[in-house]
Amino acid sequence: MPLSKQPMARTRAGATLVSRDFYLDPPDRVAQKLLGKLLVRGEMVGRIVEVEAYFGEADAASHAFPGKTARNAVLFGPPGHAYVYFIYGMYFCLNVSCEREGRAGGVLFRALEPIRGVEAMATNRGVAVTRITALTSGPGRLCQAFGVTRERDNGADLTSPKSDLQIRDDGFVASDVLVTPRIGISKDAERPARFLLADNSFVSKRGA
DNA sequence: AAGCGGATCGTCT
DNA sequence: GACGATCCGCTTG
């Protein structure tokens with residue numbers, strides 16, 4: 001029986017690969033849409049439960065605020081690519097670029113709920129599998145759990161079937177989305193641009 | 001439960 | 001030469 005239409009790409013996670021046009025929207029819109037999606041690397045799968053939007057050159061808190069540099073160049077590139085930066089001399093943080101090429105929007109991944117590959121995540125983090133809520137709750141922690149580094153992942157295309165690191169959609173529908181100010185920034189600290197799933201115990205801070 | 005300081009270094013002034 | 005889109009462990013209450 002021939003297929004009349006191109007089937008959507010399915011994978012080991014049983015979920016469709018999120019395509020590039022998904023990321024063409026403004027960062028706050030992309031951030032909301034990302035809630036409930038899956039971050040996938042090999043056997044490891046985590047559901048996105050907390051993100052932050054950064055509004056490019058118009059946003060004093062964004063790494064893109066000073067304009068394009070070697071460090072933030074990925075943010076100015078095409079949507080759907082990983083922007084990974086090194087922070088506090090020890091940690092990495094993962095973003096996905098959004099908006100058209102030339103516009104530097106981005107979404108920071110702040111917390112995941114581990115779905116599969118918990119053992120691998122714990123190994124990468126160098127911790128025992130005791131407190132599972134601490135495995136991927138926080139931008140630095142989730143990068144460590146998924147082995148995300150600047151050298152390895154900065155600029156990676158998250159929409160490519162060939163990519164090691166992907167965002168997938170398993171049909172999960174996010175309900176009860178909370179919006180709060182962003183965490184850990186000093187400039188434009190009041191702006192509500194942090195999006196999280198209410199009543200999810202894997203967000204990086206409680207009670208927000 | 002909450003607050004503080006140390007670790008540690010790439011990036012831009 | 002200062003400063004982070006952080007995390008952890010130790011202190012105090």
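Here is the naming used below: chain letters follow the sequence lines, and residue numbers restart at 1 for every chain.
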*Once you round it to whole Å, what is the distance between P of B/dC12 and CG of A/N72?*
7 Å
_When you measure from the side chain of A/R168 to the backbone of A/V40, do you find a donor-acceptor pair of N or O atoms at a distance under 3.5 Å?_
no
*Whole-Å gap separating P (B/dC9) and CZ (A/F92)*: 11 Å
*Does NZ or CZ of A/R191 come closer than 6.0 Å to the centre of the six-membered ring of A/F55, within 45° of the ring's axis?*
yes
*Mind calculating the distance between CD1 (A/I185) and P (C/dC3) to the nearest angstrom?*
18 Å
*In whole angstroms, how far is the P atom of C/dA5 from the CG atom of A/L75?*
13 Å
*Quick one: on DNA chain B, does A/Y88 or A/P66 contact a more 5' nucleotide (nearest heavy atom)?*
A/Y88
*A/F86 CZ to C/dC7 P, straight-line distance once rounded to whole Å*: 13 Å
*Counting distance only, does the side-chain N/O of A/D59 pair as donor-acceptor with the main-chain N or O of A/Y54 below 3.5 Å?*
no
_Checking the side chain of A/D176 only, and the main-chain atoms of A/L197 only, is there a donor and an acceptor separated by less than 3.5 Å?_
no
*Grab the two heavy atoms, one from A/V96 and one from A/L34, that are nearest each other, plus how far apart they are.*
CG1-CD1, 3.9 Å
*Expressed in angstrom and rounded to an integer, what is the separation of A/R131 atom CZ from C/dC7 atom P?*
12 Å
_Side-chain N or O of A/R194 versus OP1/OP2 of C/dA5: is the shortest distance under 4.0 Å?_
no
_Expected output is a numbered-order residue list: members of residues 139-151 of chain A with a heavy atom under 4.0 Å from any atom of DNA chain C. What is it?_
A/P139, A/G140, A/R141
*Spacing of A/K187 atom NZ relative to C/dA5 atom P, expressed in whole Å*: 7 Å
_Are there runs of at least three consecutive Watson-Crick or G-U pairs touching DNA chain C, with each pair's two distances under 3.5 angstrom? Give them by first number._
B:1-7 with C:6-12, B:9-12 with C:1-4
_Given C/dC7, B/dG10, C/dG4, identify the nucleotide with an atom nearest to the side chain of A/S186._
C/dG4
*Within the modelled atom types, does a donor on one side and an acceptor on the other bring the side chain of A/Y85 and the base of C/dA5 under 3.5 Å apart?*
yes
*Please give, in whole Å, the distance from B/dT11 P to A/K68 NZ?*
16 Å
_For A/R47, side chain to side chain donor-acceptor pair (under 3.5 Å) partners two or more places apart_ = A/D170
_Check this one for me: any side-chain N or O of A/R71 less than 4.0 Å away from OP1 or OP2 of C/dG4?_
no
*asked:* For a quick check of understanding: with a heavy-atom distance under 4.0 Å over all strands, which category does A/R182 fall into, base, sugar-phosphate or nothing?
replied: nothing
*Should the pair A/R194-A/E50 be classified as a salt bridge under the 4.0 Å nitrogen-to-oxygen rule?*
yes
*Atom of A/V148, atom of A/D153 and distance for their closest heavy-atom approach*: CA-OD2, 3.1 Å
*Residue whose nearest DNA chain B nucleotide is more 5′ - A/I87 or A/T69*: A/I87
*Look at the aromatic rings of A/F92 and A/F86 and report parallel, tilted or perpendicular, splitting at 30° and 60°.*
tilted
*For the side chain of A/E57 and the backbone of A/A104, is there at least one donor-acceptor N/O pair under 3.5 Å apart?*
no
